Asker: 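Input: one structure, supplied below.
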Number of protein chains: 2
Amino acid sequence: MRSAAFDREQVLRAAMNAFMEKGYNKTSMQDLKRATNLHPGSIYCAFENKKGLLLAALEQYNQDRTAELKDIFAAQSRAKSGLQAYLDSIVSECISGDPTQACLSQKAINEIAQQDDEAQGVLSNQCTLWQRFMCEVFGQIEREGGLIGERSAEQRAQSLIVGIYGLRTYSQAQKDPKVISAIARQLLNDVCK
Amino acid sequence: MRSAAFDREQVLRAAMNAFMEKGYNKTSMQDLKRATNLHPGSIYCAFENKKGLLLAALEQYNQDRTAELKDIFAAQSRAKSGLQAYLDSIVSECISGDPTQACLSQKAINEIAQQDDEAQGVLSNQCTLWQRFMCEVFGQIEREGGLIGERSAEQRAQSLIVGIYGLRTYSQAQKDPKVISAIARQLLNDVCK
DNA sequence: GGATATCTTGAATGAACATTCAAAAAAGAG
DNA sequence: CTCTTTTTTGAATGTTCATTCAAGATATCC
């Protein structure tokens with residue numbers, strides 16, 4: 001037996017960035033070779049093919065973002081402040097205009113979920129997990145007395161996720177930072193009402 | 001002089017469908033040749049290149065959708081019913097799962113706005129026009145007494161558009177029709193509050 | 001210290017790609 | 001009808017694509 005010489009996480013993060021810069025279809029194996037410093041044979045040996053590399057990168061991405069998400073909420077004493085901080089972080093990603101700060105999952109949902117059942121399954125699952133986490137957040141906010149209306153935590157989580165997807169798309173067409181943060185503020189408001 | 005033998009609108013609608021099925025990058029000139037029944041030379045003669053064909057298709061798409069949008073509102077006696085009917089039509093597009101019922105503008109925003117300034121300009125402009133129309137709608141709803149809160153028509157239009165973008169993305173990850181229509185109902189509610 | 005198994009290397013492969021072009025066709029002007 | 005201008009045709013172009021593979025390198029096991 002012999003173990004791979006490269007650092008898998010490091011390679012996957014490099015691939016993530018490449019995919020985020022150009023999207024899946026526009027990113028060539030040449031780009032991925034350059035980004036990862038791996039020879040074609042090594043990539044195929046480790047990930048089977050280009051799609052396999054995307055799926056592995058998607059998994060790593062979700063793992064990284066989930067950790068980040070939990071950190072943001074852990075850093076706040078109240079769940080509602082956590083939600084606010086989370087939305088702020090998304091706003092600053094949107095405003096930055098940096099492609100590598102976009103959401104790889106969302107990009108993949110838009111570019112390939114419709115075309116590939118395996119990717120669709122992975123992405124659908126990631127979305128569900130994200131929603132489940134947000135459900136818990138709203139449960140916590142409710143216990144803290146931070147909610148006004150009668151909606152279930154699940155409905156709120158759904159609306160929040162829809163709003164975040166929409167915000168990320170909208171910010172690519174309308175780049176005014178004030179508008180983006182105003183929309184995010186309104187979203188926070190709507191979702192707690 | 002000699003005029004082109006093909007029907008420009010018909011060709012652009014065929015190209016639209018091709019782009020919606022596979023996305024811009026995955027759609028090859030072969031696909032476009034097949035879809036439009038035009039030879040490569042004719043496409044290049046009329047639209048300069050693949051990107052030119054996309055931009056022309058995008059313009060046609062926006063024209064078609066704008067007409068459709070106005071029809072939906074014209075068919076209702078009150079603006080609020082128009083908005084409801086509009087959201088219903090979007091929900092049924094999302095539920096259908098038919099790629100050719102997706103929004104080409106939104107697909108293009110996600111796939112190429114970041115990479116191409118010309119496309120970004122066109123798409124940003126289309127988004128602004130859409131928002132302006134929705135502003136008028138909310139003005140009308142307000143005059144009809146259908147609004148509750150204090151937000152401006154512009155803010156409401158922004159939130160609506162963000163919600164629609166989000167709904168379209170979300171529906172590619174979560175396909176339950178009941179969930180999709182519930183979210184749309186909530187969106188209508190939030191945006192009139 | 002072999003033997004074995006696996007990874008690495010990087011050139012080679014053939015397919016698919018966007019685009020070009022020269023020749024043919026045809027529409028409109030006079 | 002003829003000339004001019006434009007479109008149409010479809011094969012050809014050269015590039016880039018994802019993938020393969022055989023040879024070489026190296027870790028691990030016994």
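Chain letters run A, B, ... following the sequence lines, proteins first and then strands; every chain starts at 1. All values reported here derive from a predicted model rather than from experimental measurement. Worth knowing before you read on, the calculation uses all heavy atoms, side chains too, and leaves out hydrogens, waters and symmetry mates.
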Asker: Just to verify, what does A:Tyr44 make a side-chain contact (heavy atoms from CB on, under 4.5 Å) with, not counting sequence neighbours?
Answerer: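 By the side-chain contact (heavy atoms from CB on, under 4.5 Å) rule, A:Tyr44 matches A:Met29, A:Asn49.
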Asker: Taking any atom closer than 4.0 angstrom to a non-hydrogen atom of chain B, what span of DNA chain C does the protein reach, first nucleotide to last?
Answerer: C:dC17 to C:dG28
Asker: Could you report the tightest heavy-atom contact between B:Pro99 and B:Met20, atom names first, then the distance?
Answerer: O-CB, 3.7 Å
Asker: Under 4.0 Å, heavy atom to any atom of DNA chain C: which of residues 17-29 of chain A qualify?
Answerer: none
Asker: Can you pull the salt bridge (Lys or Arg N to Asp or Glu O under 4.0 Å) pairs that have at least one residue in residues 3-23 of chain B, sequence neighbours excluded?
Answerer: B:Glu9-B:Arg13, B:Arg13-B:Asp64, B:Lys22-B:Asp31
Asker: With sequence neighbours left out, which residue pairs that include part of residues 70-98 of chain A fulfil the salt bridge (Lys or Arg N to Asp or Glu O under 4.0 Å) condition?
Answerer: A:Arg65-A:Glu93, A:Glu93-A:Arg168
Asker: Does A:Lys50 make a cation-pi contact with A:Tyr24, if we ask for NZ or CZ under 6.0 Å from the ring centre and within 45° of the axis?
Answerer: yes
Asker: Just grab all the salt bridge (Lys or Arg N to Asp or Glu O under 4.0 Å) pairs involving residues 110-138 of chain B, residues at least two apart or on different chains.
Answerer: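 As it turns out, the salt bridge (Lys or Arg N to Asp or Glu O under 4.0 Å) pairs with a partner in residues 110-138 of chain B, which skip direct neighbours, are B:Lys51-B:Asp116, B:Lys51-B:Glu118.
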Asker: With sequence neighbours excluded, what pairs up with B:Ala46 under the side-chain contact (heavy atoms from CB on, under 4.5 Å) test?
Answerer: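 Listed in chain order: B:Phe6.
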Asker: Holding to side-chain hydrogen bond (donor to acceptor under 3.5 Å, both in side chains), I want the full list of residues that pass it with A:Thr128, two or more places apart in sequence or in another chain.
Answerer: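 Here the qualifying residues are B:Gln174.
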Asker: Contacts to DNA chain C from residues 30-43 of chain A, heavy-atom cutoff under 4.0 Å, which residues?
Answerer: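 The stretch gives A:His39, A:Pro40, A:Gly41, A:Ser42 as the residues lying under 4.0 Å from the strand, ordered by number.
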Asker: Enumerate the residues from residues 51-61 of chain B whose closest heavy atom to DNA chain D is under 4.0 Å, giving them by residue number; use none for an empty result.
Answerer: none
Asker: Which side-chain N or O atoms in residues 35-42 of chain A pair as donor and acceptor under 3.5 Å with protein atoms at least two apart or in another chain?
Answerer:
{"unit_1": "A:Thr36", "atom_1": "OG1", "unit_2": "A:Leu32", "atom_2": "O", "d": "2.6"}
{"unit_1": "A:Thr36", "atom_1": "OG1", "unit_2": "A:Leu38", "atom_2": "N", "d": "3.2"}

Asker: CD of B:Gln101: more than 12 outside heavy atoms within 6.0 angstrom?
Answerer: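 Result for CD/B:Gln101: enclosed.
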Asker: Looking at side-chain heavy atoms only, is the closest gap between A:Gln60 and A:Leu104 below 4.5 Å?
Answerer: no
Asker: Could you name each residue pair satisfying salt bridge (Lys or Arg N to Asp or Glu O under 4.0 Å) that touches residues 138-164 of chain B, not counting sequence neighbours?
Answerer: none
